[in-house]
Amino acid sequence: MTSTPQASPTANTKRQRPVIAIDGPAGAGKSTLAAHLARRFGFLNLETGAMYRALALKAIESDLSFDDEAPLLDLAAYTRISLEPQFEGNRVVLDGIDVSRRVRDSDVTEAASRVSVHPHLRAWMVEQQRALGAAGGVVMEGRDIGTAVFPDAEVKIFLDASPEVRGDRRYRQVISPSNALERPAMQRTPGAEAAQQAILRDLKERDERDRNRVESPLKPAPDAVVLDSTTMTLEEVLARAEEIVRSHLA
Ligand code: DC
């Protein structure tokens, strides 16, 4: 990242503005929720998954194994990743080049999931993420924000949903990228069914990796509000989350 790492917020530095931590598994709608909350309350929206994706992309381009931590750490040492919050999501800049679209491709998605299991690499990411959010006034979205990056975050929301519903949303997002939690009409052709099954399979694989890694496995922080959106509409999720943030700000 381009900013200089600062002291860990866990060292009880008092922030002027809050950190809103949004964690949860892939496809739960975290990005939609985080972008909405950031706009509503005038906070920066930082998608930490994009950092893992950017490093994974560099590993792909450098022809490195995703499963070997030491060379990845060496690579990280001369890598600059910056997140530039925009109205809809983050612009992702890797070593000065805009890779916002490329990091969403499926090969990068798979590589990011594998790269993110490495403990030292995670420590490197966490340090950068703490520096980015140190002043507060951020909605930070990821897997370990409320547990590892900002265990003292003022608001923690763990957004979950059943794998089937998340897979379904991901598929709908692929055919209509506007909004993960919306429900555009869908064609039930054999090709569409197969594509949906493939998305669900990949999602379960990544879930497995996220939940079972040794370092900072995906789980709700003890003080997180768990929102299970399996049977909720987008409007209900946004309204509930807004209520949670508003009650903190009050
Ligand atoms: O949220 P995302 O799909 O863009 O995340 C990409 C990968 O990075 C995903 O496999 C999980 C991992 N990740 C993580 O381990 N910790 C985070 N704070 C954010 C993402």
Side-chain angles (χ1 to χ4, degrees), residues 1 9 19-35 45-60 66-67 69 72 76 81 83 85 88-92 94 99-133 138-151 153 156-161 163 166-167 169-171 173-174 177 180-181 199-221 224:
M1 311 295 295
V19 169
I20 316 288
I22 312 279
D23 290 306
K30 299 184 301 294
S31 300
T32 305
L33 175 61
N45 172 23
L46 297 170
E47 300 171 350
T48 59
M51 296 170 61
Y52 289 93
R53 287 173 181 270
L55 189 73
L57 172 59
K58 189 156 172 179
I60 291 173
F66 312 131
D67 305 319
E69 186 172 30
L72 290 170
I81 303 168
L83 300 181
E88 282 291 345
N90 285 179
R91 182 164 177 263
V92 188
L94 172 64
V99 293
S100 312
R101 289 173 82 91
R102 176 70 180 100
V103 293
R104 299 290 153 195
D105 290 345
S106 58
D107 61 331
V108 180
T109 300
E110 160 73 12
S113 173
R114 286 167 59 184
V115 156
S116 67
V117 302
H118 300 302
H120 294 97
L121 204 62
R122 294 199 70 82
W124 182 82
M125 292 283 184
V126 166
E127 189 185 7
Q128 321 263 355
Q129 291 156 5
R130 284 180 177 163
L132 287 175
V138 294
V139 181
M140 197 171 274
E141 176 231 313
R143 303 290 190 287
D144 59 345
I145 311 304
T147 52
V149 182
F150 285 104
K156 299 182 187 179
I157 296 174
F158 190 90
L159 186 62
D160 208 348
R166 288 186 285 118
R169 286 177 187 157
R170 261 288 140 88
Y171 176 71
Q173 198 181 20
V174 169
L181 286 165
I199 285 175
L200 181 58
R201 211 173 37 244
D202 287 354
L203 188 132
K204 284 182 169 171
E205 237 175 63
R206 281 186 286 133
D207 269 7
E208 182 80 6
R209 237 178 257 135
D210 279 348
R211 292 184 203 274
N212 296 314
R213 64 176 170 237
V214 174
E215 187 65 32
S216 309
L218 173 68
K219 60 173 183 212

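Heads up: numbering here begins at 1 and tracks the sequence. No experiment lies behind these values; they were computed from the predicted model shown. Note that ligands are numbered from 1 as they come in the structure, with each ligand's atoms numbered from 1 the same way.
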Which atoms of ligand 1 are found less than 4.0 Å from any heavy atom of [X]?
X    : result
R104 : 4 (O)
S116 : 12 (C), 15 (O)
D144 : 16 (N), 17 (C), 18 (N)

Using modelled atom types only, decide if a donor and an acceptor are shared between the side chain of [X] and the backbone of [Y] within a distance under 3.5 Å.
X    : Y    : result
D144 : S216 : no
K58  : A76  : no
K30  : P25  : yes
E215 : R122 : no

Could you tell me whether [X] and [Y] make a salt bridge, using a distance below 4.0 angstrom between a side-chain N and a carboxylate O?
X    : Y    : value
R114 : E205 : no
R170 : D202 : no
D105 : R102 : yes

- Query: If we only count heavy atoms from C-beta on, is the R104 to T109 side-chain gap below 4.5 Å?
  - Reply: no

Checking a contact table here: which protein heavy atom is nearest [atom], and how many Å away?
atom                    : value
atom 20 (C) of ligand 1 : G49 CA, 3.4 Å
atom 10 (O) of ligand 1 : S113 CA, 3.2 Å
atom 19 (C) of ligand 1 : T48 OG1, 3.4 Å
atom 8 (O) of ligand 1  : Y52 CB, 3.5 Å
atom 7 (C) of ligand 1  : A112 CB, 3.9 Å

Please work out whether any backbone atom (N, CA, C, O) or any side-chain heavy atom from C-beta onward of [X] is under 4.0 Å from ligand 1, and answer side chain, backbone, both or neither.
X    : result
L218 : neither
R53  : side chain
E205 : neither

- Query: Pick one: which of R206, R53, R209, R201 meets salt bridge (Lys or Arg N to Asp or Glu O under 4.0 Å) with E110?
  - Reply: R209

- Message: Could you check whether any heavy atom of M140 sits closer than 4.0 Å to an atom of ligand 1, since that is the contact criterion I want to use?
- Response: no

- Task: Mark the output for R122 as yes if a heavy-atom distance to ligand 1 is under 4.0 Å, and as no if none is.
- Result: yes

- Please indicate whether any nitrogen or oxygen in R213 is less than 3.5 Å from any nitrogen or oxygen in ligand 1. yes

- Query: Got an N/O contact under 3.5 Å between R143 and ligand 1?
  - Reply: yes

- Task: Measure the spacing between CZ of F158 and CG of L218 and express it to the nearest 0.5 Å.
- Result: 4.0 Å

